[in-house]
Protein chains: 2
Amino acid sequence: MKPPSNAAAASTQPAIDVVYLISGAMNSELWHACAGPLVSLPPIGSLVVYFPQGHSEQVAASMKKDTENIPSYPNLPSKLICMLHNVALHADAETDEVYAQMTLQPVNKVGQMYDQEALLISDMGLKQNKQPAEFFCKTLTASDTSTHGGFSVPRRAAEKIFPPLDFSMQPPAQELVARDLHDQSWPFRHIYRGQPKRHLLTTGWSVFVSSKRLSAGDAVLFIRDEKSHLLLGIRRANRQQPALSSSVISSDSMHIGILAAAAHAAANNRPFTIFFNPRASPAEFVIPLAKYSKAMYTQVSLGMRFRMMFETEESGVRRYMGTVTGISDLDPARWKNSQWRSLQVGWDESTAGERPRRVSVWDIEPVVTPFYICPPPFFRQKFPGQPEDETDIENAYKRGIPWLDDFGMKDGSSSVFLA
Amino acid sequence: MKPPSNAAAASTQPAIDVVYLISGAMNSELWHACAGPLVSLPPIGSLVVYFPQGHSEQVAASMKKDTENIPSYPNLPSKLICMLHNVALHADAETDEVYAQMTLQPVNKVGQMYDQEALLISDMGLKQNKQPAEFFCKTLTASDTSTHGGFSVPRRAAEKIFPPLDFSMQPPAQELVARDLHDQSWPFRHIYRGQPKRHLLTTGWSVFVSSKRLSAGDAVLFIRDEKSHLLLGIRRANRQQPALSSSVISSDSMHIGILAAAAHAAANNRPFTIFFNPRASPAEFVIPLAKYSKAMYTQVSLGMRFRMMFETEESGVRRYMGTVTGISDLDPARWKNSQWRSLQVGWDESTAGERPRRVSVWDIEPVVTPFYICPPPFFRQKFPGQPEDETDIENAYKRGIPWLDDFGMKDGSSSVFLA
DNA sequence: GTGTCGGCTGTAGGCCGACAA
DNA sequence: TTGTCGGCCTACAGCCGACAC
């Protein structure tokens, strides 16, 4: 029996958020907190661009296997414009790994105007910021995960997230209950003691650690939602991932299945279903059409300077500077003229070993003002130039969204596109 | 560092067994003990018949999902004759579930004579009995899995499998070490005590139970190999299986991938890889060509009586009697004229709720003497009639294997085949 | 401010025979 | 023959402040 708190809480959220809560019986805030600050799912009903190569990369990363043996699918283009019919948020029952199930339906691009509402929804999705304000994330120490003691709560985190303690008690303490992604309750004793004084979770903590099989290096995160309910999620360290040997289907068949399902759906204009694992996938492969379209107006050239966002430890965001060093196909044999990771890049900082050597145009933010082609009018009034990032959804709607205008443009305008 | 005991032990086994040990670094005896008495993998280098429908059924059973949404693959026949290039035995790292990875290469049937040696190997595979003689299997009781005590070893099992105790000790006891499918060692204290006296595993047992996450109803099995090494496997109760929600690939894409991979391999005569899960799959779907061919000579008619083998509790084998009640396509829309589960059957015993209502011809043993068509000569000397089941491999080889002869027969002889 | 440790304490893990099915 | 239980003991889970970085 699940409490109706989620549905009730949703009424205070923007409308776009509600559809997530309805379609997947999962707390959206908690899901996004676990997914990380860079993950922003396109809204239901919007138009997206699906990249089979990126999907294949996710499977390869999950299976720890390359994609060399995969046959090419000549009839499957490198990108599919799709209507996003449904998004359901999930978490793996065993590992609590978050993932999203998306239902995509390919739409006919050539000679067909996209639904205006779908385009607007697509653009509104760009402005979503899913990271909850009232949350903290701590990487577990050896002491935290040892059976010898409890969990040391960072002072600011405890004061921001937990209900205030009654300091007239000696020592101040209270019972907390936090719910995880599966809506399971975890009770903890929260106490403020020691010399010097600190916040601790004691009774209940070790059963949580052993149940979730947490070890040092994994992270836990606490959220306080609008009704002061505590939510609890985990993010496992990257070193884990037991390669998911599957034992059900071969890695090759999986890759073929991915491509064949998409090809079949595209050929018959039928919906198909994909899974997106934010923390396992090297990059997002379902891109809001507005984001993609906006990126297509970016003039990219060798030597171009750009910024790109990465997640930091403790769930922060940082921008790194880089330079475009090449523009070419990632896989010329199987995916000719694909825009997926078509940019070869170098990074300013020498500690850039973890950062990708190839990115896609929509991943980057040019540091010079991008050059915009002024498109024919689509909305009543046109807005000349690039809107600021800070513009909220309402303003963008009122002014019109110029970069959405002529997405159905012909190949003749390919000078602003990548080869 | 793995001890060379496996390779050394293999030298005392028939040649066919060696290839398993080489290709998969896994104890073949233990694997087969865990797989159950009915599972017999075709030997490497033999010809087999692969049924995509059966493969699809395994996936559906693993995913707890039906196959309704799967598109038909018009270019993929309901069966593929394949050369079995490789078989690797595996066990899931998390659950110890046994499975086999097979590499199959479709061979051209029409107008091509099969390799004679491959046919012989295919037939030899029928005679393999993989169940080790020195083994026992016990379903765990509540007391066995409780933290309150150890494991009560059935008397006969302890006397047959474990090294003999020194009964001059009071009480008689010894330290045992057993290796599991992953070659991991598990030490146990084996003691003979209590009133009345019984064999118990005490120290070490509970860590094994908790590590493998065993609970009452699961079964453990012990094997003593030729060098008196103890081997240890588990068979989980059927009720478990958390549906394997995958979170990597949708069930539909998996099914499509299965079919597309096979179709691609068949179209290009390229090898493809499949996984066979003996305990998850409703039926074997890679059948030795000899077994299939033999079954094709069986005259099946409505009302025909037959026997079929099933696994009992405690890893035994029992035959149940049944009657053929119908002959028809399981899935007329997608798999027209398929032999997969083309027989509708009824069972004699009313407790037959668990037994399938549809089986394939090669699953059953007719109780009346089958009618054999005498095929044209293929080997030097012909053997008129059906060899007895008890014939060993050597004799079968000397006499020739008549039912292998004209497998490449034309549709004109389809009167003995199912429609 | 917080990670790790030694000390203390209580619970439950785990070994035993009794007893019954 | 073997499944479950009560009795008993001890190992370690788990709460505490000390102390150092």
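Naming: A, B, ... by sequence-line order, numbering from 1 per chain.
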> Any side-chain N or O of A/Arg193 under 4.0 Å from OP1/OP2 of D/dG17?
Replying inline: yes

> Has the side chain of A/Thr95 got a donor or acceptor atom that lies under 3.5 Å from a matching backbone atom of A/Asp92?
Replying inline: no

> Quick one: B/Phe151 CZ to C/dC16 C1', roughly how many Å, whole number?
Replying inline: 19 Å

>> Please report the distance, rounded to the nearest Å, between NZ in A/Lys197 and C1' in D/dG17.
In response: 9 Å

>> Using a heavy-atom cut-off of 4.0 Å across all strands, would you classify A/Lys138 as base, sugar-phosphate, or nothing?
In response: sugar-phosphate

> Does B/Thr147 put a side-chain nitrogen or oxygen below 4.0 Å from OP1 or OP2 of C/dG13?
Replying inline: yes

>> Taking any heavy-atom pair under 4.0 Å as a contact, classify A/Thr203: base, sugar-phosphate, or nothing.
In response: sugar-phosphate

>> Between the side chains of B/Asp144 and B/Lys138, is the shortest nitrogen-to-carboxylate-oxygen separation below 4.0 Å, so that they form an ion pair?
In response: yes

>> With nearest nucleotide decided by heavy atoms, which residue, A/Pro171 or B/Arg156, maps closer to the 5′ end of DNA chain D?
In response: B/Arg156

> Counting side-chain heavy atoms from CB outward, which of D/dG3, C/dC15, C/dT4 is closest to B/Thr202?
Replying inline: C/dC15

> What is the distance from CZ of A/Phe136 to P of C/dT2, rounded to the nearest Å?
Replying inline: 10 Å

>> Using a heavy-atom cut-off of 4.0 Å across all strands, would you classify A/Leu200 as base, sugar-phosphate, or nothing?
In response: nothing

>> Using heavy-atom distances to pick each residue's nearest nucleotide on DNA chain C, tell me which of B/Gln195 and A/Val153 is more 5'.
In response: A/Val153

> What about A/Arg198: does its side chain form a donor-acceptor pair under 3.5 Å with the base of C/dG3?
Replying inline: yes

> Taking the side chain as C-beta and beyond, is there a heavy-atom pair between B/Arg224 and B/Lys160 under 4.5 Å?
Replying inline: no

> So what does B/Pro196 hit on the nucleic acid, given a heavy-atom distance under 4.0 Å: a base, only sugar-phosphate, or nothing?
Replying inline: base

> Given atom CD1 of B/Ile191 and atom P of C/dC15, what is their separation to the nearest angstrom?
Replying inline: 9 Å

> Whole Å only: how far is the CZ atom of A/Phe188 from the C1' atom of D/dC15?
Replying inline: 17 Å

>> From C-beta outward on B/His148, which listed nucleotide comes closest to its side chain: C/dT2, C/dG3, D/dG6?
In response: D/dG6

>> Given D/dT2, D/dC5, C/dT4, identify the nucleotide with an atom nearest to the side chain of B/Arg155.
In response: D/dT2

> Just to confirm, is there a sub-4.0 Å distance from OP1 or OP2 of C/dT4 to any side-chain nitrogen or oxygen of A/Thr141?
Replying inline: yes

> Can we say B/Asp218 and B/Arg213 salt-bridge, meaning some charged N sits less than 4.0 Å from an Asp/Glu carboxylate O?
Replying inline: no

> Ion pair present between A/Glu311 and A/Arg279, side-chain N to carboxylate O less than 4.0 angstrom?
Replying inline: yes

> Is any side-chain nitrogen or oxygen of B/Ser143 closer than 4.0 Å to OP1 or OP2 of D/dT4?
Replying inline: yes

>> In whole Å, I'd like the distance from the CH2 atom of A/Trp205 to the P atom of D/dC15.
In response: 12 Å

>> Determine whether a donor-acceptor pair (N or O, by modelled atom type, separation under 3.5 Å) exists between the side chain of B/Trp31 and the backbone of B/Tyr99.
In response: yes

> Could you give the CZ-to-P distance, from B/Phe208 to C/dG14, as a whole number of Å?
Replying inline: 15 Å

> Counting only side-chain N and O atoms of B/Ser206, is one of them less than 4.0 Å from OP1 or OP2 of C/dG14?
Replying inline: yes

>> In this structure, how many angstroms lie between the C1' atom of C/dC5 and the CG atom of A/Asp144, rounded?
In response: 15 Å

